[in-house]
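Report on the structure given below.
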Amino acid sequence: MLEFYKRIRRPLFWGLLILTAAAFAGTCINGALTDPSSRWGRLTVVLLVLLLTRISFDALFMGKDLRERKPAAASGRMFYLSVLNVIAALFVIYMHTNNHLIFSVPRPHGRTWISANFIESFCYWPVPIFFMISGATLMEYRQRYSTEVFLKKRFVKTFIPFLVWSLIACVFDVLVLGWDMDWNPLHIIQNIFTAKYLTVYWYFPVQFAIYLSMPLLAAVQNKRRVFCYAIMAGVGTISILPLLFHLLHLSWNGALSMPAAGGYLFYTMAGYYLSRVKLGRWSRIRIYICGFCGWMMLFAGTIWASFGSDKLVDTFKHYVNFPAFLQAAAVFVFARYFLRKHEMPARVRKWINEVAGLTFGTYLLHDFVLLCVREFTPINRSMIGWRLLAPIGIFFLCAWAVCNIKKVRALAWIVP
């Protein structure tokens with residue numbers, strides 16, 4: 001099968017490229033560029049997705065300049081992962097500062113919505129990157145400690161803070177925001193694990209499921225072909241096929257999605273793979289091109305899909321969608337190779353590593369600040385100046401708060 005693909009890979013590329021160009025020309029001729037219901041427009045996007053699949057999979061898994069896996073990294077965080085952690089935490093705040101415009105119904109029109117969509121699309125990669133960082137840093141945990149110790153560490157560092165801050169959010173909603181609350185213990189437990197008290201905490205149950213899967217993934221970490229197959233099958237059945245079916249106005253049966261790479265697990269495997277495999281220059285260039293196309297699908301594709309609608313049409317959104325995967329893979333690879341070639345001063349590296357240690361607490365705290373701004377200040381949150389500058393201030397305010405909480409021994413455990 002692999003030999004057959006190697007024979008047809010070049011004709012397949014040129015065939016898809018020609019068909020995509022022809023479909024785009026047909027879209028222009030028929031005046032369907034602003035009509036998301038047009039068959040020509042949908043056909044163009046379908047062919048573009050197939051073309052990007054061919055390019056990205058070839059660059060990631062079958063490039064001639066793809067080298068064998070590096071030896072296992074020493075324990076400790078690789079610096080580019082610290083940089084990604086800091087930028088991703090900041091960009092999450094950008095998205096949450098911007099969300100009220102993206103998801104409002106009816107949605108704003110004109111430059112306000114375009115700028116909101118641009119910020120959302122530009123900052124869309126952090127959540128996938130967080131899952132990729134988990135794979136890059138934790139997949140080889142068996143070289144440092146046992147599975148029992150690994151699970152205990154995850155429990156202390158993430159699960160307990162999640163419970164504590166969810167309960168704090170519950171009290172905050174009642175005392176500060178004035179919500180009516182059902183104090184039935186069973187309902188409280190349900191609301192905690194469904195992130196009802198603070199919706200941004202939806203991330204944690206997903207991360208816990210990844211932690212529980214890690215011992216299984218670690219057992220096959222050295223089997224590169226198995227990993228490549230799992231990533232390709234996961235991306236194919238979770239990211240690509242559902243998007244293609246949606247564009248063709250067909251119903252996708254989720255039971256066909258690969259369980260072994262289900263949910264966000266393919267990001268964790270991709271993070272480990274991309275942190276270890278050596279990608280040549282041509283492979284990296286193709287990954288960057290695909291990442292740019294993924295961003296354009298998130299930005300321009302959302303404008304196209306939402307044309308004529310009074311709300312956001314999220315055809316290209318969702319973190320497991322193919323555009324998000326392309327963007328996240330490109331950002332991850334770029335950070336790894338750019339920071340390898342451009343050494344930062346020791347002081348800057350030390351500062352970034354220190355801030356990276358505060359990002360988890362920053363994530364826990366930042367939405368409390370945004371809720372207080374929404375409820376108790378007259379600030380116009382739709383102003384472009386607020387949406388561009390406020391996230392930076394909120395990030396450093398939360399980082400400062402976390403740093404001070406860590407200094408109190410009795411409280412340090414809730415912001416590990």
Derivation of the side chain to side chain contact (heavy atoms under 4.5 Å, CB included) call for Phe162 and Ile192: CA-CA 9 Å; Phe162 162 69; Ile192 288 175; 3.8 Å; yes
Donor on one side chain, acceptor on other, Gln207 and Thr158, under 3.5 Å: no
His366 and Tyr363 aromatic centres sub-6.0 Å: yes
Ring centres under 6.0 angstrom apart (Phe91, Tyr124): no
Asp310 with Arg107: basic N within carboxylate O range, under 4.0 Å: no
Ser82 and Asn353 side chains, donor-acceptor separation under 3.5 Å: yes
Sub-6.0 Å ring centroid separation between Tyr211 and Phe159: no
Mutual orientation of the aromatic rings belonging to Phe172 and Phe368 [parallel < 30°, tilted 30-60°, perpendicular > 60°]: perpendicular
Tyr337 six-ring face occupied by Arg284 cation (under 6.0 Å, within 45°): yes
Polar side chain donor-acceptor pair, Asn191 to His187, under 3.5 angstrom: no
Under 3.5 Å side-chain donor-acceptor pair for Glu120 and Tyr94: no
ring-ring contact (aromatic ring centres under 6.0 Å, His included) partner of Phe131, chosen from Phe332, Phe325, Tyr203: Tyr203
Distance-minimising heavy-atom pair for Asn98 and Ala116: ND2-O, 2.7 Å
